[in-house]
Amino acid sequence: MLFQVGGQGARPTFFEMAAAQQLPASLRGALTYSIGVLALRRPFLHKVLDYEDEFFALLMLVLETHSLRNTDASFSESLYGLRRRAAKIRTKQADIRSKSSDGIQHSSLEKRQRVLSVVFLVVLPYLKSKLHSIYNKEREARLQASLWGPGDERFEDVDYFDEAEASIASRTSTETEATIRTRLAKNIQKIIGVCYPWLHATTEGLTFTYQLLYLLDATGFYSVGLHALGIHVCRATGQELMDTSSRISKIRNRERERLPGPPWLKAVQGALLKCTYAVLDYAQTGLIAAVFIFKMMEWWYQSAEERMSAPTVYPPPPPPPPPKVAKDGIPLPPDRTICPLCSQKRANPSVVTVSGFVFCYACIHKYVSQYKRCPVTLMPADIDQIRRLFHDM
């Protein structure tokens with residue numbers, strides 16, 4: 001069986017389909033990088049980066065809807081001269097002998113197929129991205145719990161040092177009063193943490209299977225989404241490419257004619273539609289230019305050899321939690337400026353490095369010399385582990 005590597009025929013090559021599929025990811029990288037650079041001087045743009053998934057999904061929703069309505073192709077497919085066609089299997093032998101030998105008839109997309117194409121191109125990738133982020137958070141929480149214990153058993157320094165009126169009893173009672181919404185969110189996160197790896201493995205396996213079958217010319221569907229919708233991606237003919245502009249003009253003229261209201265209102269609405277179409281066309285052109293510029297900068301500043309030889313950078317481990325207060329230890333006063341040993345305002349504040357709690361230097365020096373431990377956590381300590389604090393914040 002031969003691989004399809006040529007550019008002849010209506011069937012796109014595997015490389016054309018792969019390039020069209022990877023274009024949205026490149027576009028997202030270019031936009032994220034550009035907004036990140038602009039955010040250094042315009043801090044309000046950080047809000048866009050905080051909701052990166054939502055903004056990119058909204059942008060792609062506009063672009064994909066606009067492209068499917070005008071060209072019967074997705075945004076990336078239209079750039080490669082590809083078109084989506086509804087695939088219908090012919091049952092009449094006469095049609096099969098007279099028209100083609102594969103038994104498949106292509107026709108223009110229906111409205112239902114356009115809507116579902118937008119769902120597969122925008123909505124499902126957005127949901128997968130959100131599930132992936134939730135799964136990563138749940139995995140980090142499980143990892144931290146396995147290293148440092150459950151979060152409910154940790155000593156929270158915020159309750160002692162950031163809130164002057166907090167106490168151990170009030171902290172315990174507050175932690176036990178979990179709302180139904182919080183419990184439900186935690187249960188959902190746990191379910192996603194268990195189910196998402198299987199879902200991700202299934203989707204990746206189906207994607208790989210369809211791409212391999214497409215490469216071997218065993219199927220006409222590049223992905224499971226196209227198969228579910230009954231859509232083939234074909235090359236646009238020269239006549240179709242030449243007629244694209246006239247087709248777009250006809251569609252827009254029809255939309256202007258359907259506008260309700262008196263003539264003056266139709267004129268205003270038509271002008272607004274014209275401006276909207278112009279903005280979309282310029283935005284599409286600008287996004288294409290941004291992708292190519294981003295890729296060129298990426299190639300210029302980082303070669304393939306550097307990317308392959310660069311060591312893998314792992315995220316830093318989570319910081320260790322504050323130590324627990326021992327049952328037999330000295331309780332902490334509500335006021336963080338008070339020394340737990342003498343119950344007076346701290347003089348010459350000093351910290352025990354094994355626990356991080358602050359006392360008067362004279363008090364902690366005397367206590368550690370006698371008991372060889374931290375008075376709050378009862379962790380073993382030495383005089384050499386006492387450090388003077390020169391900025392008592």
Side-chain angles (χ1 to χ4, degrees), residues 20-69 74-76 79 114-144 151 158 179-193 195-197 199-200 203-204 207 225 275-295 297-298 313-316 318-319:
Q21 187 183 35
Q22 293 297 324
L23 185 61
S26 300
L27 175 61
R28 180 169 183 166
L31 291 178
T32 303
Y33 176 79
S34 302
I35 295 175
V37 173
L38 293 176
L40 297 177
R41 297 194 176 188
R42 300 292 185 270
F44 68 91
L45 292 176
H46 284 291
K47 295 181 179 180
V48 178
L49 297 177
D50 293 338
Y51 298 94
E52 176 186 348
D53 293 335
E54 287 73 14
F55 277 100
F56 185 75
L58 181 60
L59 174 64
M60 294 307 298
L61 178 64
V62 175
L63 291 178
E64 300 292 4
T65 304
H66 176 69
S67 181
L68 284 167
R69 180 188 299 177
S74 67
F75 170 70
S76 56
L79 299 181
R114 291 191 181 95
V115 174
L116 292 178
S117 294
V118 174
V119 172
F120 275 88
L121 290 169
V122 180
V123 180
L124 293 184
Y126 169 75
L127 294 178
K128 185 179 179 182
S129 176
K130 302 306 289 185
L131 289 177
H132 186 70
S133 62
I134 295 174
Y135 169 73
N136 284 337
K137 292 179 181 178
E138 177 64 18
R139 185 178 61 178
E140 291 176 1
R142 288 202 308 266
L143 177 61
Q144 191 169 0
V158 178
T179 61
I180 298 177
R181 183 177 179 182
T182 303
R183 293 176 182 174
L184 181 61
K186 289 182 178 179
N187 292 333
I188 292 176
Q189 288 180 358
K190 290 181 180 179
I191 293 173
I192 293 175
C195 298
Y196 178 76
L199 177 63
H200 180 70
T203 55
E204 291 297 320
T207 300
C275 294
T276 303
Y277 292 141
V279 170
L280 288 174
D281 293 338
Y282 282 118
Q284 186 173 358
T285 305
L287 290 174
I288 298 170
V291 171
F292 284 107
I293 293 174
F294 173 75
K295 284 298 181 181
M297 291 175 60
E298 186 180 33
V313 179
Y314 296 98

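Bear in mind the structure is a predicted one, so any value in this text is a computation, not a measurement.
The side chain to side chain contact (heavy atoms under 4.5 Å, CB included) search around Ile188 returns Leu184, Ile192, not counting sequence neighbours. In this structure, Glu140 has no side-chain hydrogen bond (donor to acceptor under 3.5 Å, both in side chains) partners at least two apart in sequence or on a different chain. The side chain to side chain contact (heavy atoms under 4.5 Å, CB included) check on Phe55 picks up Val48, Tyr51, with sequence neighbours excluded. The side chain to side chain contact (heavy atoms under 4.5 Å, CB included) search around Phe120 returns Leu124, Ala228, Leu229, not counting sequence neighbours. In this view, Gln189 satisfies the side-chain hydrogen bond (donor to acceptor under 3.5 Å, both in side chains) rule with no residue, not counting sequence neighbours. Partners of Lys190 by side-chain hydrogen bond (donor to acceptor under 3.5 Å, both in side chains), not counting sequence neighbours: none found. For Tyr126, the side chain to side chain contact (heavy atoms under 4.5 Å, CB included) partners two or more places apart in sequence, or in a different chain, are Asp53, Glu54, Ala57, Lys130. Taking Tyr196 as the reference, His132 meet the side-chain hydrogen bond (donor to acceptor under 3.5 Å, both in side chains) condition, with sequence neighbours excluded.
Met60 is not listed as a side-chain neighbour of Arg28, based on a closest heavy-atom distance of 4.5 Å or more. With a 4.5 Å cut-off on side-chain heavy atoms, Tyr135 and Pro197 count as touching.
Taken to the nearest 0.5 Å, the OG1 atom of Thr65 stands 9.5 Å off from the CG atom of Leu121. Note that CG of Asn136 is 11.0 Å distant from CG of Leu131, once rounded to the nearest 0.5 Å. Remark: His66 NE2 to Leu63 CG distance equals 8.0 Å, nearest 0.5 Å. In this structure, the separation between CZ on Arg114 and CD on Glu64 is 13.5 Å, given to the nearest 0.5 Å.
Listed by first and then second residue, the salt bridge (charged side-chain N to carboxylate O under 4.0 Å, His left out) pairs that reach into residues 119-129 are Lys128-Glu204, sequence neighbours excluded. Listed by first and then second residue, the salt bridge (charged side-chain N to carboxylate O under 4.0 Å, His left out) pairs that reach into residues 34-47 come to none, sequence neighbours excluded.
With hydrogens and angles ignored, the 3.5 Å screen pairs a side-chain donor or acceptor of Thr207 with a backbone N or O of Thr203.
In plain terms, the two heavy atoms of Leu49 and Gly36 that are nearest each other are CD1-CA, 4.0 Å. The minimum heavy-atom distance between Ser74 and Leu68, with the atom names listed, is N-CD2, 4.0 Å.
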